[in-house]
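I have placed the structure first, in the form of structure tokens, so that the comments after it can refer back to it.
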Amino acid sequence: MLWVDKHRPKTLDQIIVHEEVAQNLKKLVTEQDCPHLLFYGPTGSGKKTLIMALLRQMFGPGAEKVKVENKTWKVDAGSRTIDLDLTTLSSTHHVELNPSDAGFQDRYIVQEIIKEMAKNRPIDTKGKKGYKVLVLNEVDKLSREAQHSLRRTMEKYSASCRLILCCNSSSKVTEAIRSRCLNVRIHAPTEEQIVKVLEFIGNKEGVQLPSGLAARIAEKSNRSLRRAILSFETCRVQQYPFTSNQAIPPMDWEEYVSEIASDIMKEQSPKRLFQVRGKLYELLINCIPPEIILKRLLFELLKKLDAELKHEVCHWAAYYEHRMRLGQKSIFHMEAFVAKFMSIYKAFLIATFG
Amino acid sequence: MAPMLQSSQPWVEKYRPKQVKDVAHQDEVVKVLSNTLETTNCPHMLFYGPPGTGKTTTALAIAHQLYGPELYKSRVLELNASDDRGINVVRTKIKDFAAVAVGSGHRQGGYPCPPYKIIILDEADSMTEDAQNALRRTMETYSKVTRFFFICNYISRIIEPLASRCAKFRFKPLSEEIMSSRILHICNEEGLNLDSEALSTLSSISQGDLRRAITYLQGAARLFGSNISSKDLISVSGVIPQEVVQALFAACKSGDFDLANKEVNNVIAEGYPVSQMLSQLFDVVVEADDISDEQKARICKRLGETDKCLVDGADEYLQLLEVASNTMRALCNMPQEFSFES
């Protein structure tokens, strides 16, 4: 088992990083009066961990017995019926799903599931809650129609069903939904907090951790706890016992992007553009999301540039990323960005050095 | 059905006004509708206005008051965006419902029960144009036995022919006093202590949206117990603390790109929503005294464009960085045009 999963806190009391949030959530649940919740925050900040711990707090250990279900939903949409296959994770108390898997038909899924859950309402025996919980991941990827259709559904079935929504950026969730939920912001852990967690895991695993190493892992992790723990484990596998100046292996795709960046800086010509294109393809084939490549590329380029060029380059990065979102083929836009950068940089070189 | 504890209902539902006269702050609408209750005559209606001002509440309340619980099911058809409302539904479901004749008006159990049915189309602005067009004739043909209530946020998304067939009512954002009095009423019912500072914070962050105010209040009450300060309210509302906005603005003023980049990274890592950041940054820029009008215009233009990009789903980090860079160029009087663009 990976350390990330092994040391994931199971209850709200065990949570180290977002202690305050966890305590507040605990209070929320013990009051028996839980509103709809919207968790938002960057990746690797612990949203999912908190949600799982919260469910356990609500329903006891029963919430952890999840089974994967692959169900076909028959949705009656006016003149025709639509068959939708969707994988859900469910226990007796909650259902978890990724509505964005259903593509543009996500609207039907959300309505259908909520309506069905409302119908099969759990019976209220002593102390047991009379509602079920629906966990929706990646609500920010939900289509606008689906978000609209959530509005009234949320109100109508509020007595029998609570929604827990989880997303990276709440900008993409409509105002109407945000105003119906209790918003919980989960910030990325600070570097000190990451160090604390790494030390905690080191203790549990019986690993000697030199003080400098944890700090360096935290620094390299970009404030993502998941990544920090993963690279900690990688270090452990690579070389143990640790030395204080041990190299932390960077992600190989990041290495590759920085290679591309220095390629671009060295020569600005159609031939080089062609080579870079091959490398970008290589990254895309390995399933690195295009916007992440572009962001990393910008990061690498900014390190090497003069201040006056930085504004210009970051403008074009934002411009092409936006275009990429509107368009279909991401490679075109990434290549366009590289070409644009080459032309700007060449003009800059000519203007400066003649 | 399992018995539910009353307390597990959201307060928004619990305190939803049951009668038209309880709807706060919308005097004209309430007057017309109270009149309707007496004369049992009413036109087609179109309610529009920002979220949380009581549109759905009013429509539901009038329907309940007209028919009472017994006849409500057979006389009122409530459709919202959660239900499928393509052109097919308009052609079949709505038309079928509209066509059925109803018995003449007999008061039943103290309710007026006028001789027509009501179709409530909630969130009508998310209906397609085709579906709206299909409604036109239906509305007129069956106007004897059916009244339509349209509810929407943006009246511009309702096609003109439909809008002209209805009596239009604009629902105003709630003023601070009205909001405060409603909130205080709920606080009394729920046994909460709210000092005046917290009360005014709540009114200002909810911007006239009563539902939002109540949701925040319930969230804060559940998280922090019955004594709520204004800081607690800010933390549940998702409003960005003013220090963070000021830090970013100061970084832009300094003219140091790397510093601004660092601040942007920080904002993203802290998980603050960028759209919220933009609107708060906008407030800071507009209210600042030491910025010339031209600079303000430059900054605001970019803010608008960025907002559009965010709606299209562009990456938050890149867009905020772009805003920061543009703001910096405007504040430090760097040229608007890029010098190396060919």
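Throughout, protein chains are lettered first and strands after them, A, B, ... in sequence-line order, and every chain is numbered starting at 1.
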Residue selection (most heavy-atom pairs with chain B, distance under 4.5 Å) from A:Ser45, A:Gly41, A:Cys314, A:Ser224: A:Cys314

Choice from A:Met324, A:His315, A:Arg323 maximising heavy atom contacts with chain B below 4.5 Å: A:His315

Under 4.5 Å from any heavy atom of chain A - which part of B:Glu270: both

Nearest non-hydrogen partners of [X] and [Y], listed with the distance:
{"X": "B:Asp312", "Y": "A:Arg325", "result": "O-CG, 3.5 Å"}
{"X": "B:Arg329", "Y": "A:His311", "result": "NE-CB, 3.8 Å"}
{"X": "B:Gly271", "Y": "A:Tyr40", "result": "O-CE1, 3.1 Å"}
{"X": "B:Asp315", "Y": "A:Glu291", "result": "OD1-CG, 4.4 Å"}

Gap separating the [atom1] atom of [X] from the [atom2] atom of [Y], nearest 0.5 angstrom:
{"X": "A:Leu294", "Y": "B:Leu318", "atom1": "CG", "atom2": "CG", "answer": "6.0 Å"}
{"X": "A:Leu309", "Y": "B:Phe257", "atom1": "CG", "atom2": "CZ", "answer": "10.5 Å"}
{"X": "B:Thr215", "Y": "A:Arg178", "atom1": "OG1", "atom2": "CZ", "answer": "13.0 Å"}

Taking the side chain as C-beta and beyond, is there a heavy-atom pair between [X] and [Y] under 4.5 Å?
{"X": "B:Leu321", "Y": "A:Leu298", "value": "yes"}
{"X": "B:Asn265", "Y": "A:Arg223", "value": "no"}
{"X": "A:His322", "Y": "B:Gln319", "value": "yes"}

Heavy-atom pair count under 4.5 Å with chain A, highest-scoring of B:Cys309, B:Ala324, B:Pro51: B:Cys309

Under 4.5 Å from a heavy atom of chain B, the part of A:Ala307 involved: neither

Backbone of A:Ala318 reached by a side-chain donor or acceptor of B:Glu322 within 3.5 Å: no

Exam field: side chain A:Arg185 to backbone B:Tyr272, donor-acceptor pair closer than 3.5 Å: no

